[in-house]
Number of protein chains: 2
Amino acid sequence: MQMIEPQRTAAHRRLIEAQAEIFKALGHPSRLLMVEELTRGERCVCELQALVGSDVSTVSKHLSILKGAGVVRDEKRGANVYYSLVLGCVRSFLECTGRHIDQAAQDLSQDLARLAALRSGD
Amino acid sequence: MQMIEPQRTAAHRRLIEAQAEIFKALGHPSRLLMVEELTRGERCVCELQALVGSDVSTVSKHLSILKGAGVVRDEKRGANVYYSLVLGCVRSFLECTGRHIDQAAQDLSQDLARLAALRSGD
DNA sequence: GGAGTATTTGGCGAAACATGCAAATGATTG
DNA sequence: CAATCATTTGCATGTTTCGCCAAATACTCC
């Protein structure tokens with residue numbers, strides 16, 4: 001039995017949806033900030049709340065979205081809940097996107113400089 | 001001059017926002033499907049539309065979101081517009097999340113099996 | 001067990017997003 | 001240049017997400 005057009009199977013669609021959920025979870029500044037902090041080690045909700053500055057309930061909901069997507073896990077210890085990163089490869093992807101954005105900004109300012117030079121030249 | 005608490009600078013906030021925009025752009029099944037297709041080479045809008053099956057206008061809007069986030073670029077050639085992947089590291093991250101999701105599914109079914117065994121045991 | 005701290009949940013209004021249709025734009029071909 | 005094809009844009013609508021508040025829950029310390 002051979003798999004024809006694997007990209008159209010139901011299994012593939014489910015995988016894409018699960019992956020999209022991961023991206024969606026990471027696609028919010030507060031959540032991404034927290035995840036970045038978690039690349040340095042586990043943190044309790046209160047620490048993450050101090051980091052992002054929103055209401056605790058908002059932070060808690062953000063964290064539950066990240067957990068639902070399988071990006072982080074939580075562990076209750078005493079009165080606190082500690083969150084930690086599960087999806088380690090976020091770290092390297094963040095580094096890559098960081099470089100990418102820096103490069104884009106550099107390219108942009110070079111283009112602007114060229115444009116200015118051209119304008120003053122004629 | 002020393003940089004104190006770099007994670008709170010305006011520059012860092014801007015970076016996080018740009019990165020979050022990338023994740024958000026990827027956080028939609030249709031967009032992710034198209035990006036995955038683009039990891040195999042450039043495609044015109046019509047090909048991508050055939051892939052995802054939505055209205056062409058919807059597909060075009062999705063593509064403009066991906067372009068705005070710096071994930072893809074477009075190039076007009078003749079009557080067609082060809083999109084191609086700019087952010088190459090998406091590929092490896094997709095592989096990683098794919099493995100991660102497979103693993104999670106496996107763990108889940110093992111847990112269920114254990115639970116069933118336990119139940120039939122008592 | 002009562003006060004205080006940490007976290008989650010429910011609810012609600014505002015803002016953002018997704019989608020399809022219709023219309024506009026741009027290129028090709030006869 | 002009229003007809004057609006590929007793509008984008010404007011608009012209307014339904015859906016989702018965000019962020020706060022208030023209330024519920026869970027734990028610790030006296």
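Sequence lines set the chain letters: A, B, ... in the order given, protein chains first and strands last, and positions in each chain run from 1. These numbers come from a predicted model, not from an experiment.
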What's the [atom1]-[atom2] distance between [X] and [N], to the nearest Å?
{"X": "Leu32(A)", "N": "dC18(D)", "atom1": "CG", "atom2": "P", "value": "13 Å"}
{"X": "Leu48(B)", "N": "dT8(D)", "atom1": "CG", "atom2": "P", "value": "10 Å"}
{"X": "Glu75(A)", "N": "dT8(C)", "atom1": "CD", "atom2": "C1'", "value": "18 Å"}
{"X": "Lys67(A)", "N": "dT7(C)", "atom1": "NZ", "atom2": "C1'", "value": "12 Å"}
{"X": "Glu47(B)", "N": "dC5(D)", "atom1": "CD", "atom2": "C1'", "value": "15 Å"}
{"X": "Leu66(A)", "N": "dT17(D)", "atom1": "CG", "atom2": "P", "value": "14 Å"}
{"X": "Tyr82(A)", "N": "dA6(C)", "atom1": "OH", "atom2": "C1'", "value": "10 Å"}
{"X": "Leu33(B)", "N": "dA18(C)", "atom1": "CG", "atom2": "C1'", "value": "16 Å"}

- [ ] State, without any angle test, whether Glu17(B) and His28(A) hold a side-chain donor-acceptor pair at a distance under 3.5 Å.
- [x] no
- [ ] Check whether the side chains of His100(A) and Gln19(B) place a donor and an acceptor atom closer than 3.5 Å, and report yes or no.
- [x] no
Task: Whether Arg31(A) side chain and Ala25(A) backbone form a donor-acceptor pair below 3.5 Å - done: yes
- [ ] Please check if the side chain of Glu75(A) supplies one atom and the backbone of Val81(A) the other of a donor-acceptor pair under 3.5 Å.
- [x] no
Below 4.0 Å: OP1/OP2 of [N] and any side-chain N or O of [X]:
{"X": "Asn80(B)", "N": "dC5(D)", "result": "no"}
{"X": "His28(B)", "N": "dT19(C)", "result": "yes"}
{"X": "His62(B)", "N": "dT19(C)", "result": "yes"}
{"X": "Tyr83(A)", "N": "dT8(C)", "result": "yes"}

Could you list the residues that satisfy salt bridge (Lys or Arg N to Asp or Glu O under 4.0 Å) with [X], not counting sequence neighbours?
{"X": "Asp107(B)", "result": "none"}
{"X": "Arg14(A)", "result": "none"}
{"X": "Lys76(B)", "result": "none"}

Nucleotide N/O to protein N/O under 3.5 Å, stretch nucleotides 9-16 of chain C:
residue : atom : partner  : partner atom : Å
dG10(C) : O6   : Lys61(A) : NZ           : 2.7
dG11(C) : O6   : Lys61(A) : NZ           : 2.5

TODO: With the side chain of Ile65(B) defined as its heavy atoms from C-beta on, choose the nearest nucleotide among dT7(C), dC18(D), dA18(C).
DONE: dA18(C)
Open item on the list: If the condition is side chain to side chain donor-acceptor pair (under 3.5 Å), which residues does Ser64(A) pass it with, not counting sequence neighbours?
Closed with: none
TODO: Could you name each residue pair satisfying salt bridge (charged side-chain N to carboxylate O under 4.0 Å, His left out) that touches residues 90-102 of chain A, not counting sequence neighbours?
DONE: none
- [ ] Sort and list the pairs that fulfil salt bridge (charged side-chain N to carboxylate O under 4.0 Å, His left out) and have at least one residue in residues 43-70 of chain B, not counting sequence neighbours.
- [x] Glu37(B)-Arg43(B), Lys67(B)-Asp74(B)
Task: Relative orientation of the end axes in the helix from dG1(C)-dC30(D) to dG30(C)-dC1(D), expressed as an angle to the nearest 10° (five pairs per end) - done: 30°
Task: disulfide (SG to SG under 2.5 Å) partners of residues 76-105 of chain A, not counting sequence neighbours, each pair once - done: Cys89(A)-Cys96(B), Cys96(A)-Cys89(B)
- [ ] Please list all pairs passing the ring-ring contact (aromatic ring centres under 6.0 Å, His included) test where one or both residues lie in residues 76-95 of chain B, with sequence neighbours left out.
- [x] Phe23(A)-Phe93(B), Phe93(A)-Phe93(B)
Restricting to nitrogen or oxygen on both sides, can you table the protein-nucleotides 24-30 of chain D pairs closer than 3.5 Å?
residue : atom : partner  : partner atom : Å
dA26(D) : O3'  : Lys76(A) : NZ           : 3.3

Task: CD1 on Ile22(B) to CG on Leu94(A), rounded to 0.5 Å - done: 9.5 Å
Task: Proximity to DNA chain C (any heavy atom under 4.0 Å), residues of residues 15-23 of chain A only - done: none
Task: Path from Val86(B) to Leu38(B) over hydrophobic side-chain contacts below 4.5 Å - done: no
